[in-house]
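A quick write-up on the structure given underneath.
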2 protein chains.
Amino acid sequence: MSLDGQLPPKMRLLRAAAELLAKSAGAPVSTRQITQLAGVSAPTLYHHFGDKEGLFDAVVAAGFEEYVAGERDFAPSGQPLEDIRRMWDNHVQFGLNQPELYLVMFGNIRPESRPAIVADAEALMEEMLNKAAAAGQLNVQPREAARSILAANVGVTLMLIAEPAPDRNLELSTMTRDAMIFAVSAEPASGSAPGSAGKSSVVVAAIALNAALQASHSDQLSSSELKLFLEWLHRISATPAG
Amino acid sequence: MSLDGQLPPKMRLLRAAAELLAKSAGAPVSTRQITQLAGVSAPTLYHHFGDKEGLFDAVVAAGFEEYVAGERDFAPSGQPLEDIRRMWDNHVQFGLNQPELYLVMFGNIRPESRPAIVADAEALMEEMLNKAAAAGQLNVQPREAARSILAANVGVTLMLIAEPAPDRNLELSTMTRDAMIFAVSAEPASGSAPGSAGKSSVVVAAIALNAALQASHSDQLSSSELKLFLEWLHRISATPAG
DNA sequence: TCAGTTCATATAGCAACGCTATAGGTGCTA
DNA sequence: TAGCACCTATAGCGTTGCTATATGAACTGA
């Protein structure tokens with residue numbers, strides 16, 4: 001019933017709390033559950049963490065270290081904006097992997113206690129944006145860009161967490177990500193996208209449609225179809241909505 | 001000590017809960033506090049709302065109605081994208097005015113219960129974006145644009161709530177707002193467009209057409225023409241680039 | 001070696017919590 | 001007036017976060 005008897009009680013409490021929190025689906029986790037799973041009695045918790053909240057803060061801090069480690073993990077690609085994309089995706093993935101922890105970290109932020117984490121997360125992203133700025137790829141100050149991108153990143157992740165897992169559509173993330181990165185960048189990562197793996201499928205679809213229509217050789221639509229298609233388009237776009 | 005004795009107990013409970021929640025700064029609010037402030041005894045709460053959570057859900061529902069009313073309040077400017085800006089600002093202001101309520105509404109969303117509110121908020125924004133799409137001002141589908149904009153809007157609002165009030169810099173909001181709106185809008189301010197190097201006017205028109213057709217008032221195309229058009233569009237956008 | 005001190009854990013229990021079994025009062029309709 | 005819903009209150013159950021107090025283990029200095 002209890003977690004490994006070998007670890008010190010402090011660690012066992014941390015792991016028990018994290019485990020129960022992850023499984024709790026939002027329901028409150030009691031100190032009695034935690035201490036029982038840790039194989040420890042009540043006062044031990046208060047000796048080490050002072051508070052229930054203190055314990056949860058420690059869990060959050062541990063989770064945040066894991067987050068930071070993940071954000072630093074990959075090798076820099078040499079293209080700062082591409083690295084920002086990876087940081088974004090990594091952030092989203094962290095949230096989806098540990099939704100309860102994420103909700104505590106970013107969903108419950110109140111002015112009196114939490115923003116230290118937010119500030120650190122911002123600093124992490126700002127660090128990367130500084131490289132982009134140095135390379136002349138930014139049209140706003142790195143700090144503002146970092147705050148803006150992180151805010152959008154958090155919002156997207158919360159939205160995805162709110163959706164039932166089977167319905168989750170990660171295109172929301174890639175689309176918002178690319179919109180934000182483009183908005184702060186000085187030069188559009190234009191058509192010849194470097195390592196074009198990162199392009200959103202919306203853009204791909206748009207380019208595909210464009211190409212199909214421009215090229216009269218399209219084998220998707222016959223030339224007569226195309227002619228009709230364009231005629232309809234014209235008819236409709238010349239008409240006020242309604 | 002008790003709220004107006006004239007209102008029915010159900011209302012008094014709602015108001016007491018809302019008031020205590022607003023003042024609580026994140027600390028939990030007990031049913032005993034609520035019932036005492038409402039001048040009512042414990043079982044009354046459970047008679048009307050079943051649960052503590054039921055009461056809080058009712059508070060949230062009331063808050064959401066207020067939010068929706070605010071989002072519909074202003075007269076349409078005739079420029080859909082300008083209206084989207086106002087919706088964004090209104091959203092942020094709502095969050096800053098009632099941070100505790102907002103955190104419950106958007107900061108604690110879990111897949112099992114909450115997303116109804118998110119879906120409604122998305123629908124609200126999608127409604128406005130449909131007008132933009134019909135006017136040919138969008139380069140993505142209104143639903144995707146609404147989800148993306150709302151996600152960023154929520155993220156920004158949470159970030160601003162997390163900051164101590166004196167330090168709040170609303171430029172984070174305006175900057176992110178304009179970035180998102182620009183990213184989904186069809187008309188680049190100048191030069192080349194987002195990630196697009198050429199989101200052609202054909203694409204924009206196609207999206208506009210799609211929006212107009214969804215509204216189904218269209219007498220511009222016969223229903224058979226419409227069906228064919230949508231089939232072509234689907235064929236084309238399902239085609240890999242190049 | 002051994003008292004003194006500090007650290008770490010346990011027993012037992014308090015006040016406050018969410019909630020409910022039960023019953024009494026009120027205003028209808030017949 | 002009887003009967004019946006509806007609404008509210010008294011009292012109390014089990015659980016919660018937390019603590020007053022005590023016990024054992026490990027280190028310290030003389």
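Here is the naming used below: chain letters follow the sequence lines, and residue numbers restart at 1 for every chain. Note that the structure is a prediction, hence the values are computed from the model and not measured.
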When rounded to the nearest 0.5 Å, the distance separating OG of A:S173 from CZ of A:R168 is 12.0 Å
Nearest heavy-atom approach of B:K10 to B:F49 is CG-CZ, 3.6 Å
For the pair B:E144 (side chain) and B:Q141 (backbone), establish whether a donor and an acceptor sit closer than 3.5 Å, ignoring hydrogens and angles.
no
| query | Does A:Q79 offer a backbone N or O that forms a donor-acceptor pair with the side chain of A:S77 under 3.5 Å? | reply | yes
Can any side-chain N or O of B:T176 pair as donor or acceptor with the backbone N or O of B:L172 at less than 3.5 Å? yes
Do any N or O atoms of the protein come closer than 3.5 Å to N or O atoms of nucleotides 13-17 of chain C, and which pairs are they?
from: C:dC17; atom 1: OP1; to: B:S30; atom 2: OG; distance (Å): 3.4

Polar atom pairs between nucleotides 6-9 of chain C and protein, under 3.5 Å, N or O only, would you list them?
from: C:dA8; atom 1: OP2; to: A:H47; atom 2: NE2; distance (Å): 3.2
from: C:dT9; atom 1: OP2; to: A:H48; atom 2: NE2; distance (Å): 2.5

*State whether the number of non-hydrogen atoms from other residues, nucleotides or ligands found under 6.0 Å of B:R143 atom CZ is greater than 12.*
no
Contacts under 3.5 angstrom, residues 155-167 of chain A side chains, donor-acceptor by atom type, not counting sequence neighbours:
from: A:T157; atom 1: OG1; to: A:N153; atom 2: O; distance (Å): 2.7
from: A:E163; atom 1: OE2; to: B:R147; atom 2: NH1; distance (Å): 2.7
from: A:E163; atom 1: OE2; to: B:R147; atom 2: NH2; distance (Å): 2.7

Double-helix bend of the helix from C:dT1-D:dA30 to C:dA30-D:dT1, axes at both ends from 5 pairs, round to 10°, gives 10°
Min and max contacting nt of DNA chain D in 5' to 3' order, chain A heavy atoms within under 4.0 angstrom, are D:dT16 to D:dA20
Query raised in the report: Is the closest basic N to carboxylate O distance between A:K23 and A:E19 below 4.0 Å?
Result: yes
For B:E171, the salt bridge (Lys or Arg N to Asp or Glu O under 4.0 Å) test, sequence neighbours excluded, returns none
What do the steps show when you test B:E100 against A:R110 for salt bridge (Lys or Arg N to Asp or Glu O under 4.0 Å), and what is the final call?
CA-CA 9 Å; B:E100 297 299 332; A:R110 289 194 168 77; 2.9 Å; yes
Okay, side chain of B:E127, backbone of B:L124: is any donor-acceptor separation there less than 3.5 Å? no
Quick one: does B:T35's side chain have a donor or acceptor within less than 3.5 Å of a partner on B:R32's backbone? yes
From CG of B:L45 across to C1' of C:dG18 the rounded distance in Å is 10 Å
Output for pair (B:D83 CG, B:W88 CH2), nearest 0.5 Å, gives 16.0 Å
Taken to the nearest whole Å, CZ/B:F56 to C1'/C:dG18 is 12 Å
